[in-house]
Amino acid sequence: MYSRIAGTGKYLPERVLTNFDLEEMVDTTDEWIRTRTGIERRHLVADDEFTSDLAYRASLAAIEDAGIEPGEIDFILVGTTTPDLIFPNVGCLIQERLGIHGTPAFSLEAACSGFLYALGVANEFLRGGQAKRALVVGAECMSRIIDWTDRETCVLFGDGAGAVILEQSDDPGILYSSLGSDGRYRELLYASTGVSVTPRDGEGAALRMKGNEVFKVAVKTLGSMVDEVLQKNGLDKGEIDWLIPHQANIRIIQAMAKRLRMPMERVVLTIREHGNTSAASVPMALDTAIRDGRIKRGDLLLLEAFGGGFTWGASLVRY
Ligand code: UT7
């Protein structure tokens with residue numbers, strides 16, 4: 001028994017913040033942001049819009065794409081580090097809006113690797129026969145944990161959501177899943193407050209990152225992970241049809257493409273449009289390239305991500 005991707009969807013909030021808008025807010029330039037990161041704009045939620053709203057809309061698109069009814073979903077898992085509330089979790093919030101009752105619904109936090117973690121877990125539930133059809137989402141309101149006075153981080157992130165419907169299948173879809181983490185690096189990338197760590201005077205929740213150091217560990221770790229995926233699956237470097245990477249920095253993505261000996265035409269790049277959307281970035285990129293006709297049924301895909309924790313994950317997928 002395997003699982004396969006039956007449908008995909010995404011949702012970007014309407015409000016757009018360009019690099020030129022950011023020039024008015026902090027000491028930065030469009031040129032610096034574009035050349036160092038590949039980002040030109042990001043989408044931000046409205047004041048009354050929350051992670052579950054984005055997740056819900058992406059889920060509706062994936063459900064429609066799969067040609068199913070919400071009632072046919074029997075497992076819901078959302079990767080997010082920016083949930084609406086402490087509880088109910090985002091999975092429960094979208095379950096209720098979709099009119100589904102009684103199925104397991106939960107969220108997990110693995111920062112930018114959240115979707116890969118969610119996909120890996122859902123795959124195991126389907127393969128083990130505990131569910132037949134899963135809704136797997138990556139959704140974030142990163143704008144709510146950004147310090148908008150910190151030019152080193154505020155230019156990087158955006159909001160969005162992506163979703164897939166994963167269903168049991170006799171033919172292999174998810175071929176291999178690799179997940180990892182290393183808590184030693186917590187000081188390089190973290191959010192300063194949480195639930196049990198309460199804000200100090202005058203300090204709200206804020207993402208803090210030593211970007212340059214994160215960059216180096218990301219390239220090294222992702223490199224080892226993709227090598228492991230190829231080796232464990234007996235694949236040569238040229239055999240992947242599409243790389244669907246986490247959209248954090250175009251230079252990290254280019255380094256991975258080089259390591260995989262893949263031309264950039266075979267890499268799905270969406271970072272220009274929405275920056276780093278954390279757990280939402282991989283499912284949004286996947287949906288983009290499926291809907292515009294680049295990715296076709298039968299293609300071999302490599303999905304990968306790296307983020308706070310540090311956490312990392314990859315999935316080898318026959319679409
Ligand atoms: O998704 C989770 C994982 N996250 C990542 O993978 C992010 C990894 N890191 C990165 O993408 C990059 O390290 C950044 C885009 C964050 C930074 O790029 P960099 O090439 O590593 O730059 P840097 O941090 O070494 O900074 C270079 C210079 C510094 O100035 P000095 O010290 O050379 O005078 C920074 O102060 O650029 C300056 N700088 C800026 N200048 C204009 C930093 N941020 C900005 C800015 N605008 N927004």
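Residues: numbered from 1 along the sequence shown. Order of appearance sets the numbers: ligands from 1, and atoms from 1 within every ligand. FYI, side chains are in, hydrogens and waters are out, and symmetry mates aren't considered; it's all heavy atoms of this structure.
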Q.
Walk me through whether Arg251 and Arg36 qualify under side-chain contact (heavy atoms from CB on, under 4.5 Å).
A. CA-CA 8 Å; Arg251 291 179 292 139; Arg36 297 284 180 133; 4.2 Å; yes

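- Ile94 contributes atom CD1, which lies 4.0 Å from atom OG of Ser59 (distance to the nearest 0.5 angstrom).
- Judged as a salt bridge (Lys or Arg N to Asp or Glu O under 4.0 Å), not a single pair has a partner in residues 299-319 (not counting sequence neighbours).
- Arg294 pairs by the side-chain hydrogen bond (donor to acceptor under 3.5 Å, both in side chains) definition with Asp292, not counting sequence neighbours.
- Using a 4.5 Å heavy-atom cutoff, the side chains of Thr29 and Glu23 are in contact.
- Contact shell of ligand 1 (protein heavy atoms, cutoff 4.0 Å): Asp27, Thr28, Trp32, Arg36, Thr37, Cys112, Arg151, Glu152, Val155, Leu156, Leu189, Met209, Gly211, Asn212, Val214, Phe215, His246, Ala248, Asn249, Arg251, Ile252, Asn276, Phe306, Gly307.
- Every pair tested for ring-ring contact (aromatic ring centres under 6.0 Å, His included) that includes a residue from residues 244-282 fails, sequence neighbours excluded, so the list is empty.
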